[in-house]
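None of the values given here were measured: they were computed from a predicted structure. Each ligand, and each atom within it, is numbered from 1 in the order the structure gives. When a residue number appears, it is its place in the shown sequence, counting from 1.
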Amino acid sequence: MITTGCDRRGPDGEQVDPREKIVIKFSHVVAEDTPKGQAARRFARLVEERTGGRVEVQVFPNSVLYKDGEELDALQKGAVQIIAPTTSKLSSLAPQWQLLDLPYLFENEEQVHKALDGELGKKLFATLEPYNIYPLAFWDNGFKQITNSKRPVVHPEDFKGLTFRVMINSKVLEEQFHSLGADTIQMPFSDVYDALSKGQVDGQENTVSNIYSQRFYETQPYLTVSNHGYMGYVVLINKKFWFSLPSDIRKVIEETMAEVTLWEREQAAKLNRKNFEKIKSSGEVKIHIQTPSERDEWQAVFAHLYQQFRSVIGNELIEEALRTKRTLP
Ligand code: LMR
């Protein structure tokens, strides 16, 4: 018998019947050849192998099942069992997640990992407690770069009058662009290519692996390597489903997730580097690498955001992040 999600119940009405095959639907919005896409598939394969086929993880990439703005709801209702949204998108449930959208909060992956694998990560996880969601891991995507169709953006004033797509649910990301004199439109990831190619927005911010795998670079002749913000994922499982699983299965899933998380983080760095070279060699994009003094200019424009969002995000979380950054320059 094959059943999925929370409908599977054993005779005691709580635990999964040990004879049943367990199907886990893992839905995400990016291409397969991305850090998240590859890691989801690896996780699926390993869990299936390690449970002797008792658990089947079905991966649905590219928003084929649910897109941004739908997948969190689908997870909470148990229509899918696992999703891995960008952290910004959780701000609709808990605004504290906008912490990670603050520009230049972290300077490298090492700082990010130290923070998310430590106290800060625990505090963020705790905000999800009321929502029938159980957090399993933090995965990397990488640092964001800026693309646009109009002109090189080097200094803050170059943004004036341009319109940028921003991820859904994050006011910090909107304000980041507004403070540069640009407009914003919030949009699900699956709509971005179309919006860029039809000129509905002039530009967007994203990691190189997303810019490459979604072919954004084909419509965006200007790329600024600014590393101005981190974009990462939180892997979430439906809580009711999670606690209905037999403990031996939960153990396999947890151990496999921990292993795949380390692999995924290495893979994300590699893929971003590899895809950057591909964009460069396409010859279609004029690339500007931000200099330290340009970075100072951007940072000065963004500084007020830390104050503006302090009460929304919480002083404690901001200070915890900055403390981590100081200990790992
Ligand atoms: C985006 O919406 O640009 C990204 O969050 C997509 C993703 O999942 O990497």
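Note: Tyr134 and Phe125 fail the aromatic proximity criterion, with ring centroids not under 6.0 Å apart.
Ion pair Lys122/Glu119 flagged as a salt bridge, since at least one NZ, NE, NH1 or NH2 atom sits closer than 4.0 Å to an Asp/Glu carboxylate oxygen.
Side-chain polar atoms of Ser209 and Asn275 form no donor-acceptor pair below 3.5 angstrom.
In this view, Phe143 and Tyr230 satisfy the ring-ring contact (aromatic ring centres under 6.0 Å, His included) rule, not counting sequence neighbours.
By the 30° and 60° cut-offs, the orientation of the rings of Tyr217 relative to Tyr212 is parallel.
Of the listed residues (Gln145, Gln290, His288), just one forms a side chain to side chain contact (heavy atoms under 4.5 Å, CB included) with Val225, and that residue is Gln145.
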Considering only N or O atoms, set out every pair between ligand 1 and the protein closer than 3.5 Å, with distances to one decimal place.
{"from": "ligand 1", "atom 1": "2 (O)", "to": "Lys89", "atom 2": "NZ", "distance (Å)": "2.8"}
{"from": "ligand 1", "atom 1": "2 (O)", "to": "Arg165", "atom 2": "NH1", "distance (Å)": "3.4"}
{"from": "ligand 1", "atom 1": "2 (O)", "to": "Arg165", "atom 2": "NH2", "distance (Å)": "2.9"}
{"from": "ligand 1", "atom 1": "3 (O)", "to": "Arg165", "atom 2": "NH1", "distance (Å)": "2.8"}
{"from": "ligand 1", "atom 1": "3 (O)", "to": "Asn206", "atom 2": "ND2", "distance (Å)": "2.8"}
{"from": "ligand 1", "atom 1": "5 (O)", "to": "Thr86", "atom 2": "OG1", "distance (Å)": "2.5"}
{"from": "ligand 1", "atom 1": "5 (O)", "to": "Lys89", "atom 2": "NZ", "distance (Å)": "2.8"}
{"from": "ligand 1", "atom 1": "8 (O)", "to": "Lys36", "atom 2": "NZ", "distance (Å)": "2.7"}
{"from": "ligand 1", "atom 1": "9 (O)", "to": "Asn141", "atom 2": "ND2", "distance (Å)": "3.2"}
{"from": "ligand 1", "atom 1": "9 (O)", "to": "Asn210", "atom 2": "ND2", "distance (Å)": "2.9"}
{"from": "ligand 1", "atom 1": "9 (O)", "to": "Tyr233", "atom 2": "OH", "distance (Å)": "2.4"}

